[in-house]
Amino acid sequence: RFSQKFREVVGRWLASEASTHLLVFSMERRLPPNSELVRAVLRLFQEPVPRAALRRLERLSPHSARARVTVEWLHVREDSSNRTSLVDSRLVSLHDSGWKAFDVTEAVTFWQQLSRPRQPLLLQVTVQTEHLGPPAAGAHKLVRFASQGPAGAGQGEPQLELHTLDLGAYGAQGDCDPEAPGAEAPRCCRREMYIDLQGMKWAENWVLEPPGFLAYECVGACRQPRQPLPFKWPLLGPRQCIASETASLPMIVRVEEGGRPRPQVVSLPNMRVQSCSCSWDGAPVPRKLEP
Amino acid sequence: LSGEQIRGSLLQQLHLSQVPVLDEGDAEGLVTPAHVTAQYVALLQRSHSARSRGK
């Protein structure tokens with residue numbers, strides 16, 4: 001309408017139907033010290049939809065008896081600005097009722113990375129109509145979770161389940177005890193391993209510093225939880241002793257520039273093991289909280 | 001960690017496809033300038049104090 005240079009297309013607002021709730025969980029002293037969070041589950045009790053309301057909706061829009069429930073971790077920054085991070089989302093049927101489980105492990109992992117004193121765990125739950133458009137308008141309102149609204153108390157309140165593992169029993173033991181009998185350490189630990197660069201043919205005349213370095217290695221076994229995890233996590237293998245933190249190795253090498261040799265500094269990543277830990281093979285690596 | 005892995009990482013960092021053939025005589029006379037040594041020591045100190053995320 002305003003320009004001769006390019007075509008304009010007039011759009012139309014399509015009502016976006018959503019209702020949002022904020023859940024607050026006090027987390028202090030909920031996670032035992034020296035424990036690993038294996039999984040966190042948010043359980044919401046979906047109340048049955050009144051038959052009459054359901055029939056009315058089905059008459060208006062036969063295929064809209066579902067709604068999308070999305071759970072986001074909400075972080076209130078120090079400057080009071082907010083940011084959210086999606087952690088789980090799934091469709092629920094309006095014909096259904098009962099406990100619904102959402103995986104909020106990542107939200108708790110983010111919360112653990114906050115600096116102390118930490119705010120409570122804030123979970124923003126949004127319910128959206130699956131099908132946009134006037135006939136299904138308002139369907140999201142039919143999805144009600146117990147303890148929504150001022151009453152708050154009573155059966156079926158939102159629950160947060162925390163599955164943790166005691167690292168005292170299932171974790172690594174720090175550095176290996178050089179006095180320990182036998183070649184193989186019984187429990188996952190970090191063992192000294194010196195790499196002699198001077199003894200490597202390819203490094204001759206090329207690597208000027210260091211002559212060698214202490215790289216360490218992770219050895220030993222990890223104790224496996226006897227009972228299976230209370231949920232099916234695909235592709236999860238046994239707990240293994242791995243390098244959970246590593247450091248780079250600076251070097252001075254000789255390079256040729258214009259036919260003349262000159263020393264140059266270079267840094268090789270992940271060359272030295274800083275710490276070992278027991279970790280499930282195949283477990284997702286927790287996302288790091290960006291500043 | 002093996003010698004091959006270290007060599008592979010070094011080649012990658014220097015964008016080389018193979019280990020350069022260097023004359024031994026040149027290496028002996030080579031002096032490392034102070035600023036290169038200072039850079040090396042600074043990186044060394046940082047790598048011993050930094051905690052990386054690892055695998």
Side-chain angles (χ1 to χ4, degrees), chain A residues 113 193-210 212-218 240-257 259-277 279 281 283 285-288, chain B:
Chain A
Q113 294 177 55
M193 179 180 74
Y194 183 76
I195 301 233
D196 178 14
L197 290 173
Q198 280 183 329
M200 295 182 182
K201 191 92 181 88
W202 59 267
E204 270 175 24
N205 303 326
W206 189 24
V207 177
L208 304 175
E209 287 292 344
F213 66 99
L214 205 53
Y216 295 97
E217 58 180 344
C218 298
Q240 291 187 1
C241 182
I242 60 149
S244 46
E245 287 187 83
T246 58
S248 56
L249 172 70
M251 280 183 155
I252 300 181
V253 294
R254 177 179 147 199
V255 295
E256 296 286 321
E257 208 166 68
R260 292 170 52 77
R262 109 177 142 72
Q264 178 180 318
V265 174
V266 65
S267 183
L268 304 190
N270 300 326
M271 280 294 139
R272 292 181 306 110
V273 174
Q274 284 180 311
S275 64
C276 304
S277 57
S279 174
D281 186 11
V285 178
R287 269 193 292 172
K288 190 165 167 49
Chain B
L1 190 63
S2 65
E4 287 68 38
Q5 282 171 312
I6 299 170
R7 182 179 61 196
S9 177
L10 186 52
L11 288 171
Q12 190 182 11
Q13 291 294 315
L14 295 172
H15 308 293
L16 294 173
S17 56
Q18 59 185 27
V19 177
V21 176
L22 299 169
D23 182 35
E24 190 170 347
D26 284 344
E28 275 161 19
L30 192 58
V31 173
T32 304
H35 72 282
V36 172
T37 304
Q39 185 190 358
Y40 173 67
V41 168
L43 275 179
L44 206 55
Q45 283 164 345
R46 198 184 313 154
S47 95
H48 278 282
S49 59
R51 309 289 296 178
S52 84
R53 281 196 52 79
K55 299 272 183 304

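Values below: every heavy atom of this structure, side chains too, minus hydrogens, waters and symmetry copies.
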Just give me the residue among A:Arg262, A:Glu204, A:Arg260, A:Arg272 that pairs up with chain B most often, heavy atom to heavy atom, under 4.5 Å. A:Arg272
Between the side chain of A:Arg254 and the main-chain N/O of B:Leu30, is any donor-acceptor distance below 3.5 Å? no
Can you check whether A:Ser248's main-chain N or O pairs, donor with acceptor, with B:Ser47's side chain at less than 3.5 Å?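 Looks like yes, one N/O pair under 3.5 Å.
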Determine, step by step, whether B:Leu11 and A:Trp202 satisfy the side chain to side chain contact (heavy atoms under 4.5 Å, CB included) criterion, reporting the C-alpha distance in whole Å, the side-chain angles of both residues, the deciding distance to 0.1 Å, and the verdict. CA-CA 11 Å; B:Leu11 288 171; A:Trp202 59 267; over 6 Å; no
Under a 4.5 Å heavy-atom cut-off, does chain B meet the side chain of [X], its backbone, both or neither?
X        : result
A:Met251 : both
A:Val207 : side chain
A:Ile195 : side chain

Quick check for you: to the nearest 0.5 Å, what is the distance between B:Leu1 atom CG and A:Asn270 atom CG? 10.0 Å
Between CE on residue A:Met200 and CD on residue B:Glu4, distance to nearest 0.5 Å: 7.5 Å
I want to check something: taking the side chain as every heavy atom from C-beta on, are B:Ser9 and A:Met271 in contact at a cut-off of under 4.5 Å?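 Side-chain contact under 4.5 Å: yes.
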Side chain to side chain contact (heavy atoms under 4.5 Å, CB included) evaluation trace for A:Leu208 with B:Tyr40: CA-CA 11 Å; A:Leu208 304 175; B:Tyr40 173 67; over 6 Å; no
Does A:Glu209 form a side chain to side chain contact (heavy atoms under 4.5 Å, CB included) with B:Thr32? I'd like the steps, not just the answer. CA-CA 10 Å; A:Glu209 287 292 344; B:Thr32 304; over 6 Å; no
Shorter than 4.5 Å, heavy atoms on both sides: which option in B:Leu43, B:Leu16, B:Val41 has the most such pairs with chain A?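 Answer, by heavy-atom pair count under 4.5 Å with chain A: B:Leu43.
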Write down the atom of B:Gln13, the atom of A:Pro269, and the distance for their closest heavy-atom approach. NE2-CD, 3.5 Å
Under 4.5 Å from a heavy atom of chain A, the part of B:Ile6 involved: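 Contact with chain A is through both the backbone and side chain of B:Ile6.
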